[in-house]
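Small disclaimer: the values here were computed from a predicted structure and weren't measured. In what follows, chains are A, B, ... by sequence order, proteins preceding strands, each numbered from 1.
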Amino acid sequence: AQSVAQPEDQVKVAEGNPLTVKCTYSVSGNPYLFWYVQYPNRGLQFLLKYITGDNLVKGSYGFEAEFNKSQTSFHLKKPSALVSDSALYFCAVRREAAGNKLTFGGGTRVLVKP
Amino acid sequence: EAGVAQSPRYKIIEKRQSVAFWCNPISGHATLYWYQQILGQGPKLLIQFQNNGVVDDSQLPKDRFSAERLKGVDSTLKIQPAKLEDSAVYLCASSHRDGMTYNEQFFGPGTRLTVL
């Protein structure tokens, strides 16, 4: 079975400060990892994914994530947060094997204060 | 490129009534997914279609939920009869054919269901 843990229900940062949203996963075999963002009353928007290769993945809106196999983590980062980054963030994992079943974490609400 | 379309956006029904949700995926996307997102939780996959065939429906409560994708394009998710615990946002997503490529899923805006 595969699972994702997002240990923080909420993260608060001041605008301009670095933002980190934590994610750890459990999956058999090689993981494929994803980050999505959800704004109020809207569906999930894809931010970035790790499939293979460089452990540092760059995505949309200045976000990046670092894959750490030994720590089974895939933390989302942004060097300088914006107020408009305030939203709900979801980490998701799937197995390398065929089939695209994603397992999502419980989500982390990010609040960026002006 | 048009995104994933869903309707209705909101629905309020009483328990034991039936309800249906509609999804139109991105053109050319062979794979379609229905998720249930309960408030405060991440989305949970209910069913996955590849064209008009079911790939995974292991978490679909089949005694009350059904879904179809007859022509391999649009899809309908039905709940009959609804229970209070079915109150959630129902998200539809689509992606290119899975195969050996690892494509992200594109999500629609969702249908917020309230069961009274």
**Asked** Would you say B:Gln59 has more than 12 foreign heavy atoms packed within less than 6.0 Å of its CD?
**Response** yes
**Message:** Is it the case that the side chain of B:Tyr33 and the backbone of A:Leu102 share a donor-acceptor pair, with hydrogens and angles ignored and the cut-off at 3.5 Å?
**Reply:** no
**Asked** About how many Å separate CZ of A:Arg94 and CG of B:Leu45, when rounded to the nearest 0.5 Å?
**Response** 12.0 Å
**Prompt:** What pairs with B:Phe65 under ring pair (Phe, Tyr, Trp, His ring centres under 6.0 Å), at least two apart in sequence or on another chain?
**Reply:** none
**Message:** Tell me if the OH atom of A:Tyr61 is crowded by more than 12 foreign heavy atoms within 6.0 Å.
**Reply:** no
**Message:** Using a 4.5 angstrom heavy-atom cutoff, name the option from A:Gly107, A:Gly43, A:Cys91 with the most pairs to chain B.
**Reply:** A:Gly43
**Prompt:** Taking side chain as C-beta onward, heavy atoms only, is B:Phe106 less than 4.5 Å from A:Gln45?
**Reply:** no
**Request:** Report, as yes or no, whether the 6.0 Å neighbourhood of atom CD on B:Gln41 holds more than 12 heavy atoms from other residues, nucleotides or ligands.
**Result:** yes
**Complete:** Comparing B:Arg9, B:Gln6, B:Gln37 against chain A, the one with the most heavy-atom pairs below 4.5 Å turns out to be B:Gln37
**Asked** Where does B:Ser58 contact chain A at under 4.5 Å (heavy atoms): side chain, backbone, both or neither?
**Response** side chain
**Asked** Is the number of heavy atoms from other residues, nucleotides or ligands under 6.0 Å of B:Leu39 CG greater than 12?
**Response** no
**Distance flag, aromatic centroids of B:Phe107 and A:Phe46, threshold under 6.0 Å** = no
**Request:** Just do the side chain to side chain contact (heavy atoms under 4.5 Å, CB included) check on A:Tyr36 and B:Gln105 with the steps written out, would you?
**Result:** CA-CA 10 Å; A:Tyr36 284 84; B:Gln105 298 176 22; 3.7 Å; yes
**Message:** Surrounding NZ of A:Lys58 (heavy atoms of other residues, nucleotides or ligands, distance under 6.0 Å), is the total greater than 12?
**Reply:** no
